[in-house]
Amino acid sequence: MENKKTILWFRRDLRVEDSILLSIKAKEVLPIFIFDKAILKSLQKDDKRVDFIFKQIEKLKISLQKIGLELVVFYAEVVDVFVYLKSLGYEEVYASVDYDNYALARDKKVEELLTLHRLNDCYIYEPNEVLKADASAYVVFAPYYKLAKTLYTKEHALKYEFSNSKLSNFENIDKIHEIENQTIILKPFAIASINFKKNSIVYEDSKVKLSRLKDKIASYIERRDYVYEQATSNLSVDLRFGTISIRAILRELIKLKKLGFETEGFFRQLVFRDYYAYLLYHFPILHTKDFRKCINYEFNEDYYNSFITANTGIPIVDAGISELITTGNMHNRVRMIVASFFCKHLLLPWQKGEQFFAKYLMDYDAASNILSWQWSSSTGIDAQPYFRIFNPYSQSKKFDKDANYIKMHLPFLKDIKAKYLHDENFLFNNEIENYPKPIVEHKFASQRFLNSVRK
DNA sequence: GAGACTTTAGC
DNA sequence: CTAAAGTCT
């Protein structure tokens, strides 16, 4: 290792502070980031995530310069980048783990070219760290969590320091290196060079969000489901791209605990995120297939189109879809409500809903998204029991009592009394300007779903 | 507002 | 035996 030319491949860890990648000791290192053509080609040119990532890459480049390094940015197919770097004498690459199908297939191809070292930078635990006595994986969260807690040590929250490795010599370091047909094309360092549009959104700094956790943590468990309140951490997008280290969050929790705050509820949610990545790692079939229960889905295109255009006539559902499309985010409780509605009331296959979320969510994470949809549809491992069907009206009444969330995202409903927006009878029997009547009736849809479960 | 509904891993 | 992001009566 000592004499090798080493690539540090940033992907889900777009930061300098507390980076396992930068703690790697090597003779000379080349930090890189790849705008993957295989992924980008399927996205719309104004995709908010690409804009977000580009802005993080600009920040990362500057942060790396401050410690004597540079970031080389590629716009290419991943394999083409490593063929090129191999031709320049690079022999090994370090990168954070990624367990979704696309990432696994991509990494396998990279491994055929160079030595790939995987780093567990994104999760608290290693995938084989929390296992049953017979060394198999847990399929129920409660016992997984119980063991995970007892295994948790200070080491899990360790802060990694920069190894002071020296930068490898590389030309045109300030350009974007596009590779097309084995040819390098040098382009200016701008989002237009990867054929995407700049967005005017200003993203909140992850450290600011983390510092705000102190004000939220005490009431987190009690308030996090109230969809109009800013009671959640909003850190999911930072965990997705590694603009904050999971260990930095753990250290913050340790600090808050010392100050006397009850932090376990939030910690448990972080472990849930770990657990979902762990399940996808141990049971890759979950990517696409129903695991436990099977549902006789019917793909009704009218239902689907009503759903994705926020025209189901159920206010909480349409408000959620509206939030997703306009902001790239959706409150977690609303994600559960709309996913349940999609699978159970509309009898649409969860995979279609998962893909729809994937298209818009800023914090899109394959493991969290797939496993959450599998939970909602009652088809996954440790999923919601199939007979438990969310009543969207009860849910909105409970978690958006004054309909503030609904009215924020569907402003044309602002003059309707909140209680009517949670009232199925009212919505069925009254005309609302510019708004359709509900496309399904709750009781009918629930019954239809139960009849569609293959036992 | 307490109890029924209902499944099953894991200890 | 316990636990699991709920609903309905």
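Residue numbering restarts at 1 for every chain, and letters A, B, ... go by the order of the sequence lines.
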K.L.:
Of the options C:dA5, C:dC8, B:dT7, whose atoms approach the side-chain atoms of A:S394 most closely?
P.N.:
C:dC8

K.L.:
Tell me whether the NZ or CZ atom of A:K352 lies within the 45° cone about the ring axis of A:F299 and under 6.0 Å from its centre.
P.N.:
yes

K.L.:
Between A:F341 and A:F307, how do the two ring planes meet: parallel, tilted or perpendicular, split at 30° and 60°?
P.N.:
parallel

K.L.:
Tell me the interatomic distance from A:F341, atom CZ, to C:dT7, atom C1', rounded to whole angstroms.
P.N.:
17 Å

K.L.:
Indicate, with a heavy-atom threshold strictly under 4.0 Å, whether A:R335 touches base, sugar-phosphate, or nothing.
P.N.:
nothing

K.L.:
Answer yes or no: does a side-chain N or O of A:H442 lie under 4.0 Å from OP1 or OP2 of C:dT7?
P.N.:
no

K.L.:
For the residue pair A:F141 and A:Y145, does the interplanar ring angle fall in the parallel (under 30°), tilted (30 to 60°) or perpendicular (over 60°) class?
P.N.:
parallel

K.L.:
Quick one: A:Y144 OH to B:dG10 P, roughly how many Å, whole number?
P.N.:
13 Å

K.L.:
Of the options B:dG10, C:dA5, B:dT6, whose atoms approach the side-chain atoms of A:F387 most closely?
P.N.:
B:dT6

K.L.:
Among C:dA5, B:dT7, C:dG6, which nucleotide sits nearest the side chain of A:R388?
P.N.:
C:dG6

K.L.:
Side-chain N or O of A:Y138 less than 4.0 angstrom from OP1 or OP2 on B:dC11?
P.N.:
yes

K.L.:
As a test of reading the structure: which of B:dT6, C:dT9, C:dG6 is closest to the side chain of A:K443, going by heavy atoms?
P.N.:
C:dT9

K.L.:
What is the base-pairing partner of B:dT6, counting Watson-Crick and G-U wobble geometry with both distances under 3.5 Å?
P.N.:
none

K.L.:
Rounded to the Å, how far apart are A:Q395 CD and C:dA5 P?
P.N.:
13 Å

K.L.:
Between B:dG10 and A:K132, is there an OP1 or OP2 to side-chain N/O distance shorter than 4.0 Å?
P.N.:
yes

K.L.:
Please confirm whether the shortest side-chain N or O distance from A:Q269 to OP1 or OP2 of C:dA5 is below 4.0 Å.
P.N.:
no

K.L.:
Separation of A:F390 atom CZ from C:dC8 atom P, in whole Å?
P.N.:
12 Å

K.L.:
Considering just the side-chain nitrogens and oxygens of A:N391, establish if one lies under 4.0 Å of OP1 or OP2 belonging to C:dG6.
P.N.:
no

K.L.:
Could you check how far CG of A:D382 sits from P of B:dT8, rounded to whole Å?
P.N.:
13 Å

K.L.:
For residues A:F291 and A:V139, determine if any side-chain heavy atom of one lies less than 4.5 Å from a side-chain heavy atom of the other.
P.N.:
no

K.L.:
For A:Q384 and B:dT8, what is the distance between atoms CD and C1' respectively, to the nearest whole Å?
P.N.:
15 Å

K.L.:
For the residue pair A:K109 and A:E77, establish whether any side-chain heavy-atom pair is separated by less than 4.5 Å.
P.N.:
no

K.L.:
Between B:dA9, C:dG6, B:dC11, which one does the side chain of A:V140 approach most closely?
P.N.:
B:dA9

K.L.:
Expressed in whole Å, how much space separates the P atoms belonging to C:dT2 and B:dG3?
P.N.:
16 Å

K.L.:
If I take atom CG in residue A:L147 and atom P in nucleotide B:dG10, what distance separates them, rounded to the nearest angstrom?
P.N.:
12 Å

K.L.:
If you check every side-chain atom of A:V139, which of B:dT6, C:dA5, B:dG10 has the closest atom?
P.N.:
B:dG10

K.L.:
C:dA4 P sits how many Å from A:Y276 OH, rounded?
P.N.:
13 Å

K.L.:
Across the strands shown, which category fits A:P385 at heavy-atom distances under 4.0 angstrom: base, sugar-phosphate, nothing?
P.N.:
nothing

K.L.:
Would you classify C:dA5 as syn or anti? Syn applies when the glycosidic angle is within 90° of 0.
P.N.:
syn

K.L.:
Hey, can you tell me if A:Y144 and A:Y138 have their rings parallel, tilted or perpendicular (30° and 60° cut-offs)?
P.N.:
perpendicular

